[in-house]
Amino acid sequence: MHPQCDKVRKAVELLHKADPTLIVDGEIEADVAVSPDVLEQNYPFSMLKGGANVLIFPDLDSANIAYKLLLKIGGAETLGTVLMGMSKPVHLLTVAPKSRRS
């Protein structure tokens with residue numbers, strides 16, 4: 001039990017209420033969630049099969065760290081930042097300095 005786990009648990013509950021057909025699972029370590037074999041071994045009861053394609057984090061710091069690692073090391077494709085709470089979601093675009101562009 002931890003406050004950050006509680007945040008993720010609450011987010012999963014809200015997603016299930018909003019759309020019960022979504023395949024959503026919570027409180028799984030990020031490295032396990034994106035590794036289908038490890039996910040099946042450690043969480044055989046999970047609804048996720050083949051690994052997660054969306055990750056939910058308890059705070060901005062952990063999300064930024066993981067997203068940049070997945071982008072740089074794992075070759076992941078990223079989408080975001082998305083600002084919620086307005087009449088429609090807004091995708092925020094940031095421009096990286098030329099020295100950081102690849």
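Note that the structure is predicted; figures quoted are calculated from it, not measured.
Annotation: ring-ring contact (aromatic ring centres under 6.0 Å, His included) contacts involving residues 17-56, sequence neighbours excluded, comprise Tyr43-Phe45. Under the ring-ring contact (aromatic ring centres under 6.0 Å, His included) criterion, no residue pair touches residues 6-42, with sequence neighbours excluded. Judged as a salt bridge (Lys or Arg N to Asp or Glu O under 4.0 Å), not a single pair has a partner in residues 16-25 (not counting sequence neighbours). The salt bridge (Lys or Arg N to Asp or Glu O under 4.0 Å) pairs that include a residue from residues 42-54 are Glu40-Lys49, where partners are two or more places apart or lie in different chains.
In terms of heavy atoms, Val8 sits closest to Gly26 at CG1-CA, 4.5 Å. Minimum heavy-atom separation, Leu39 to Val32: CB-O, 3.5 Å.
Applying the side-chain hydrogen bond (donor to acceptor under 3.5 Å, both in side chains) test to Ser35 and every residue at least two apart in sequence or in another chain returns nothing. Listed by chain and residue number, nothing satisfies the side-chain contact (heavy atoms from CB on, under 4.5 Å) test with Asp37 (two or more places apart in sequence, or in another chain). With sequence neighbours excluded, the residues satisfying side-chain contact (heavy atoms from CB on, under 4.5 Å) with Leu69 are Ile65, Ile73. Residues passing the side-chain hydrogen bond (donor to acceptor under 3.5 Å, both in side chains) test with Glu27 are Arg9, sequence neighbours excluded. Not counting sequence neighbours, the partners of Asp31 by the side-chain contact (heavy atoms from CB on, under 4.5 Å) test are Glu29.
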Using a 3.5 Å cut-off and no angle test, enumerate the donor-acceptor pairs between side-chain atoms of residues 51-60 and protein atoms at least two apart in sequence or in another chain.
unit_1 : atom_1 : unit_2 : atom_2 : d
Asp59  : OD1    : Asp61  : N      : 3.2
Asp59  : OD1    : Ser62  : N      : 2.7
Asp59  : OD1    : Ser62  : OG     : 2.8
Asp59  : OD2    : Gln4   : NE2    : 2.6

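In the hydrophobic clustering of ILVMFWY residues, with side-chain heavy atoms under 4.5 Å counting as a link, Met47 and Leu22 come out apart.
Between the CD atom in Glu13 and the NZ atom in Lys10 there is a gap of 5.5 Å [rounded to 0.5 Å].
No more than 12 heavy atoms of other residues, nucleotides or ligands shown are found within 6.0 angstrom of CD1 on Ile23.
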